[in-house]
> 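The following block contains the structure, expressed as structure tokens.
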Amino acid sequence: MRVLVTGGTGFIGSNLCQRLLQDGHEVICLDNNYTGSMDNIESLLDNPHFTFIEYDVCNSLLSCVALQECLSKSGNDCGCKAGVIDQIYNMACPASPPAYQGEHSITTTKTCVFGAINVLDLAVAHKAVVLQASTSEVYGDPDVTPQSESYRGNVNPNGIRACYDEGKRCAESLFFDYARHLGARIKVVRIFNTYGPHMDPDDGRVVSNFICQALQGIDLTVYGEGKQTRAFCYVDDLVEGLVRMMNSRGDFLGPVNLGNPCEFTVAELAQRVLELVQSSSRLVYEDLPQDDPKRRCPDISLAQKELNWHPQVDLDTGLQRSIAYFKEKLIARGLLAQD
Ligand code: UDP
């Protein structure tokens with residue numbers, strides 16, 4: 001099949017591109033590299049079944065000349081129907097809280113909303129199945145735990161996280177309206193905290209911060225008292241869930257939670273990282289950002305039932321693989337000496 005991945009140079013998007021190529025698909029990766037990085041797809045660029053297009057999903061995809069050129073060229077030798085996109089994964093959006101809470105906030109909402117409209121218009125034109133990467137952030141600071149898909153959330157509509165939370169909620173609404181009124185073939189997944197290779201060491205999320213700090217012997221920055229919880233899913237497990245959802249039966253639209261249901265406090269995560277890195281770093285406590293969710297943990301019974309999906313990688317294994325990845329990144333940047 002010919003598969004388009006928007007946000008394909010980002011953390012999850014690039015891991016997904018890699019997986020889709022392994023599965024034998026023709027992959028078009030589209031990104032404006034606003035928060036993504038060409039480093040993440042460097043190893044894919046020589047693959048004849050892979051095309052990278054630099055483009056912003058805030059602009060019409062039906063008018064994207066590079067995409068039209070790519071579609072008219074490819075097709076004859078790959079077994080895909082010429083000119084047709086079969087599946088679209090919409091992964092494009094800044095996703096790290098420090099990124100979307102700062103100068104990128106307005107771009108974040110635009111990417112969520114205009115991006116959704118543009119991928120949906122393209123999907124309808126191609127009769128492609130289109131999957132929206134929604135988020136656990138649609139639940140805001142939840143007052144029920146674990147969160148199941150029927151929970152409608154507790155979002156501050158004008159706080160510093162709103163650009164992402166409300167942007168993604170609006171995107172979900174667009175997806176379902178396109179399905180109801182324009183026959184779009186949609187799938188919606190709500191992604192919970194995910195970590196692993198291809199995360200940007202500087203993106204400010206807790207796993208990347210703690211590992212990079214521990215490796216460099218810098219104090220680990222715990223926000224608040226570290227009692228807030230998250231449940232961390234290794235990226236390979238998440239990608240497996242995305243692929244299963246995309247290929248699920250046509251009348252299962254979601255939304256479906258994808259995440260690892262093992263819940264940890266941020267302080268527990270810090271201790272795990274310190275032990276695995278064997279670091280002598282200490283913990284320093286900083287202010288908790290506004291609207292930071294106190295508890296977050298997915299109820300994944302729907303994904304288990306409909307997709308037969310359950311995460312396989314436990315936290316220690318995933319952290320060890322991530323530590324190896326970040327070590328290499330820091331060495332390449334001259335921030336860490338080779339062993
Ligand atoms: N956090 C922290 N130290 C950091 C970065 C984040 O204590 O250096 C906390 C943050 O306040 C939140 C949790 O870790 O409670 C997860 O943050 P992250 O940015 O990874 O993702 P979020 O779940 O907030 O989207």
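First listed ligand is number 1; within each ligand, the first listed atom is number 1.
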> For atom 8 (O) of ligand 1, which of V206, V266, N209 has the closest heavy atom?
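Nearest heavy atom to atom 8 (O) of ligand 1 lies in N209.
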
> Salt bridge or not between D165 and R169? Use side-chain N to carboxylate O under 4.0 Å.
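No, D165 and R169 are not salt-bridged.
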
> Just to confirm my output: which protein heavy-atom neighbour is closest to atom 15 (O) of ligand 1, and how far is it?
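Ranked first by proximity to atom 15 (O) of ligand 1 is D292 OD1, 2.6 Å.
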
> Quick one: which of L131, V124, N90 gives a side-chain contact (heavy atoms from CB on, under 4.5 Å) with V119?
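Result: among L131, V124, N90, N90 is the only option passing the side-chain contact (heavy atoms from CB on, under 4.5 Å) with V119.
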
> Would D200 and S208 count as a side chain to side chain contact (heavy atoms under 4.5 Å, CB included) if you check the C-alpha gap in whole Å, the side-chain angles of each, and the deciding distance to 0.1 Å?
CA-CA 7 Å; D200 177 359; S208 46; over 6 Å; no

> Would you say the side chains of N257 and Y139 form a donor-acceptor pair under 3.5 Å?
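Per modelled atom types, N257 and Y139 side chains form a pair under 3.5 Å.
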
> Can you list the atoms of ligand 1 that are under 4.0 Å from a heavy atom of V222?
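Contacts of ligand 1 toward V222, numbered from 1: 7 (O).
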
> For the pair D86 and R185, find out whether any cationic side-chain nitrogen is under 4.0 Å from an anionic carboxylate oxygen.
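A salt bridge is absent here (no side-chain N lies under 4.0 Å from a carboxylate O).
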
> I'd like to know if R296 contacts ligand 1, where contact means a heavy-atom distance under 4.0 Å to any ligand atom.
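Contact check R296 vs ligand 1: positive.
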
> Taking the minimum heavy-atom distance to atom 6 (C) of ligand 1, which of F192, Y223, F210, Y195 ranks first?
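Answer by nearest heavy atom: Y223.
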
> Classify the ring geometry between Y234 and Y195 as parallel (under 30°), tilted (30 to 60°) or perpendicular (over 60°).
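Answer is perpendicular, since the angle exceeds 60°.
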
> Thinking salt bridges, do E137 and K168 make one under a 4.0 Å N-O criterion?
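No salt bridge links E137 with K168.
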
> Does ligand 1 have an atom under 4.0 Å from some heavy atom of A95?
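In this structure, A95 fails to qualify as a contact of ligand 1 - no heavy atom is under 4.0 Å.
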
> Can you list the ligand 1 atoms lying under 4.0 Å from a non-hydrogen atom of G204?
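Going through ligand 1 atom by atom, the ones under 4.0 Å from G204 are 5 (C).
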
> Hey, is ligand 1 close enough to N193 that some N/O pair sits below 3.5 Å?
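There is such a contact, yes.
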
> Go through ligand 1 atom by atom and flag the ones less than 4.0 Å from a non-hydrogen atom of R161.
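Going through ligand 1 atom by atom, the ones under 4.0 Å from R161 are 22 (P), 24 (O), 25 (O).
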
> For T221, is at least one N or O under 3.5 Å away from an N or O on ligand 1?
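There is such a contact, yes.
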
> Answer yes or no: does an N/O atom from Y100 fall short of 3.5 Å to an N/O atom of ligand 1?
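In fact, backbone or side chain, Y100 has no N or O that close.
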
> Does ligand 1 have any atom sitting under 4.0 Å from a heavy atom of E286?
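Judged by the 4.0 Å heavy-atom criterion, E286 does not count as contacting ligand 1.
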
> Regarding R244 and E306, does a basic nitrogen lie under 4.0 Å from an acidic carboxylate oxygen?
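The answer is no: the pair does not qualify as a salt bridge.
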
